[in-house]
Amino acid sequence: MKAPSVLIIDDEPLMRLSMLDALKAVGYDVHAAATGQEAQAILSSNTFDIVITDLRLPGSDGLSLLQVCKQRSPRSEVILITAHGSVETAVEAMKLGAYDYVTKPFGMDELLLIVDRVSKVLALRQENLRLREELEGRFSFEGILGKNDRMREVLEKIQLVSATDSTVLIVGESGTGKELVANALHRSSPRRDHALIKVSCAALPETLLEAELFGHEKGAFTGALKQRRGRFELAHKGTLFLDEIGEISPVVQVKLLRVLQERQFERVGGNETVEVDVRLVCATQKDLKKEVQQGRFREDLYYRLNVVPVILPPLRERREDVLLIGEHMLQARAAKTSKPVKGFSQRAQELLLRYSFPGNVRELENMIERAVALGRPEEDVQPWDLCGFSACPYLGGTQQETCGFCSEGLTGKRATSAMLDSLASAREEFEKDYILGVLERVGGSRTEASRLLGLSRKALWEKCKRYGIPSSRGESDDVGE
Ligand SMILES: Nc1ncnc2c1ncn2[C@@H]1O[C@H](COP(=O)(O)OP(=O)(O)OP(=O)(O)O)[C@@H](O)[C@H]1O
Ligand SMILES: [Mg+2]
């Protein structure tokens, strides 16, 4: 990897040179300026990973340089050198976005330590960016994430058909991403600069839906005081998304069929023929084929709509996507709410991977929102953050009737067959789970866990050893009573 570039700004020649030499010696790409003006000139045509500037400079000051630097290159990190006693200015500098400050007099070792820390942060940020780009490029399209084979086929299909005007029928259970796909189809199509109009066909009764879609003439019905254009007209040159298409009545089905065949229709209560250029995208949770067989949906319309079918599998059939989508949503939510939860704990991951998600991705999304709200900053999300019950069985509480995990038997007690084997093994299994749960709750501290469990540290240590529970990092295995 390229060595981080550093700009040193200090008017004292000796200081400047010592810093220059010290940083060069450990491999940084170092440049130096003696005054604020000189620094501004350099900064106007170069960017640096790290800028180290004295707070007091002839002709300018470190704070304004800090601002210039942050404006020009927000990714640069600035370290300020302050005189002894100017802590307030240093605090102000941190507010303005400085990474850190050193107080004079300081040793080169101290400076090197800070610069080293900054460059590690920069490297990490770079790595995150690279990973995100890789992830987004490979496993996502227009915000739809998925690495499951069927989802990758879906993503590929969307990219291929978005360039065409073919009618697309999106089929999937509630919350599987049908609207997201419709958005993606429009946004990546040549129609993207025109409107994407959405209509939920289930939300309106038949007559209203007809008027909503095709518009009406003045006086077409009581209350129709003037002519009104319908959604088809509003979507001219763009895309019309008809959600829950399986709900439309026979009358509307006929009218829709005609628009698809002839690209024209009449407004309700009128004779004037209106022509439109609309790309149609429909979605349904229903099995339309079955609806056709049962005589509720016109077969000819079905074939017209089902030109390009996009089938979204339920989330339980693409478990490899659960963590991919979950992690992404967790990071996005954490950033949005400025609550830096870390990731999912081992047990939270296990739960997510075993749960059936009847509400699909939308349920996962709500769960993540709850977990970020309830989770602790700088810590991993735990099972009880996901379900939101403080009396979660994972915490030693009881089963919750309204909890999805509990109703699927995901109560933290993993053993089922073992439990049936014998009472002893069932007890052990339970004990192991229980200890794991408590340890997780107290962040791995055995001292704290033994207190909560009412066990001596030695007894807990022995149990952990028996059950193969490793001690957490930073905790010694020393039993010391
Ligand atoms: N593959 C995915 N990647 C990322 N986010 C997704 C994915 N699928 C769905 N989502 C998100 O999940 C939520 C639900 O998706 P959407 O509204 O598109 O589902 P739907 O199939 O239209 O549901 P319904 O049938 O209930 O209307 C949205 O917030 C959406 O952004
Ligand atoms: Mg929807």
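All values below were derived from every heavy atom in this structure, side-chain atoms included, with hydrogens, water molecules and symmetry-related copies excluded. Not measured: the values here are computed from a predicted model. We're numbering straight along the sequence, starting at 1.
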Notebook entry, point to check: For the atom pair NZ (Lys432) and OH (Tyr467), what is the distance rounded to the nearest 0.5 Å?
Noted result: 9.5 Å
Checklist line | Step-by-step side-chain contact (heavy atoms from CB on, under 4.5 Å) determination, Leu240 to Arg279 | finding: CA-CA 6 Å; Leu240 180 65; Arg279 199 265 177 91; over 6 Å; no
Item checked: Asp321 side-chain N/O to Lys147 backbone N/O, donor-acceptor pair under 3.5 Å -> yes
Margin query: For the backbone of Ser174 and the side chain of Asn360, can you confirm whether one donor and one acceptor N or O come within less than 3.5 Å of each other?
Written below: yes
Check: So, Arg231 side chain and Leu213 main chain: donor-acceptor pair closer than 3.5 Å or not?
Finding: no
Check: Backbone N or O of Pro313 within a donor-acceptor pair of the Arg318 side chain at under 3.5 Å?
Finding: yes
Notebook entry, point to check: Is there a donor-acceptor pair closer than 3.5 Å between any side-chain N or O of Lys70 and the backbone N or O of Ser76?
Noted result: yes
Notebook entry, point to check: Which is it for Cys69 and Phe48 under the side-chain contact (heavy atoms from CB on, under 4.5 Å) test, yes or no, and what are the steps along the way?
Noted result: CA-CA 9 Å; Cys69 194; Phe48 295 87; over 6 Å; no
Note to self: Would you compute the distance between atom OG1 of Thr167 and atom CG of Leu242 and round it to the nearest 0.5 angstrom?
What the structure shows: 10.0 Å
Margin query: Quick check against the 3.5 Å criterion: does Glu378 have a side-chain atom that pairs as donor or acceptor with the backbone of Arg376?
Written below: no
Notebook entry, point to check: What are the two closest heavy atoms between Asp49 and Ser5, and how far apart are they?
Noted result: OD2-N, 2.8 Å
Note to self: With salt bridge (Lys or Arg N to Asp or Glu O under 4.0 Å) as the criterion, how do Arg263 and Glu275 come out once you've worked through the C-alpha distance, each side chain's angles and the decisive distance to 0.1 Å?
What the structure shows: CA-CA 6 Å; Arg263 302 270 148 202; Glu275 287 197 15; over 6 Å; no
Checklist line | Over all atoms of both residues, closest heavy-atom pair of Leu65 and Gln40 | finding: CD2-CG, 3.9 Å
Next item on the list: Count the heavy atoms of every other residue, nucleotide or ligand shown that sit under 6.0 Å from CZ of Arg316, and state whether that count exceeds 12.
Entry: yes
Next item on the list: Calculate, to the nearest 0.5 Å, the distance between atoms CD1 and CE belonging to Ile81 and Met19 respectively.
Entry: 3.5 Å
Note to self: Quick check against the 3.5 Å criterion: does Arg370 have a side-chain atom that pairs as donor or acceptor with the backbone of Leu386?
What the structure shows: yes
Notebook entry, point to check: Any chance CD of Gln37 has more than 12 other-residue heavy atoms, nucleotides or ligands included, within less than 6.0 Å?
Noted result: no
Note to self: Would you say that more than 12 heavy atoms from the other residues, nucleotides or ligands in this model lie under 6.0 Å from the CZ of Arg441, or not?
What the structure shows: no
Note to self: Please find the pair of heavy atoms, one from Leu57 and one from Ala34, that lie closest to each other, and give the distance.
What the structure shows: CD2-O, 4.3 Å
Margin query: Does atom CZ (Arg187) have a neighbourhood of more than 12 heavy atoms from anything else shown, all under 6.0 Å?
Written below: yes
Item checked: Donor-acceptor under 3.5 Å (Arg319 side chain, Leu353 main chain) -> yes
Check: So, His186 side chain and His194 main chain: donor-acceptor pair closer than 3.5 Å or not?
Finding: yes
Notebook entry, point to check: Shortest non-hydrogen contact from Val276 to Phe232?
Noted result: CG1-O, 3.7 Å
Note to self: Just verifying a value: how many Å separate Arg446 CZ and Trp461 CH2, rounded to the nearest 0.5 Å?
What the structure shows: 8.5 Å
Next item on the list: Just do the side-chain contact (heavy atoms from CB on, under 4.5 Å) check on Leu209 and Cys201 with the steps written out, would you?
Entry: CA-CA 7 Å; Leu209 180 64; Cys201 300; 4.1 Å; yes
Item checked: Full working for side-chain contact (heavy atoms from CB on, under 4.5 Å) between Gln331 and Lys342 -> CA-CA 8 Å; Gln331 296 314 327; Lys342 258 172 53 193; over 6 Å; no
Checklist line | CD1 on Ile79 to CD1 on Ile114, rounded to 0.5 Å | finding: 6.0 Å
Next item on the list: May I ask you to decide if Ile42's main-chain N or O and Asn46's side chain share a donor-acceptor pair within less than 3.5 Å?
Entry: yes
Margin query: Checking Glu440 against Tyr394: is there a side-chain donor and acceptor pair closer than 3.5 Å?
Written below: no
Next item on the list: For Ser345 and Gln382, test the side chains for any donor-to-acceptor distance below 3.5 angstrom and give the result as yes or no.
Entry: yes
Note to self: For Asn183 and Lys178, which I'm curious about, is there any donor-acceptor pair between the side chains at under 3.5 Å?
What the structure shows: no
Item checked: Nearest-0.5 Å distance, CG of residue Asp10 to CG of residue Asp54 -> 4.5 Å
Next item on the list: Find out whether Ile144 and Met151 are in side-chain contact, i.e. whether some heavy atom of one side chain is under 4.5 Å from a heavy atom of the other.
Entry: yes
Next item on the list: Check whether the side chains of Ser356 and Glu408 place a donor and an acceptor atom closer than 3.5 Å, and report yes or no.
Entry: yes
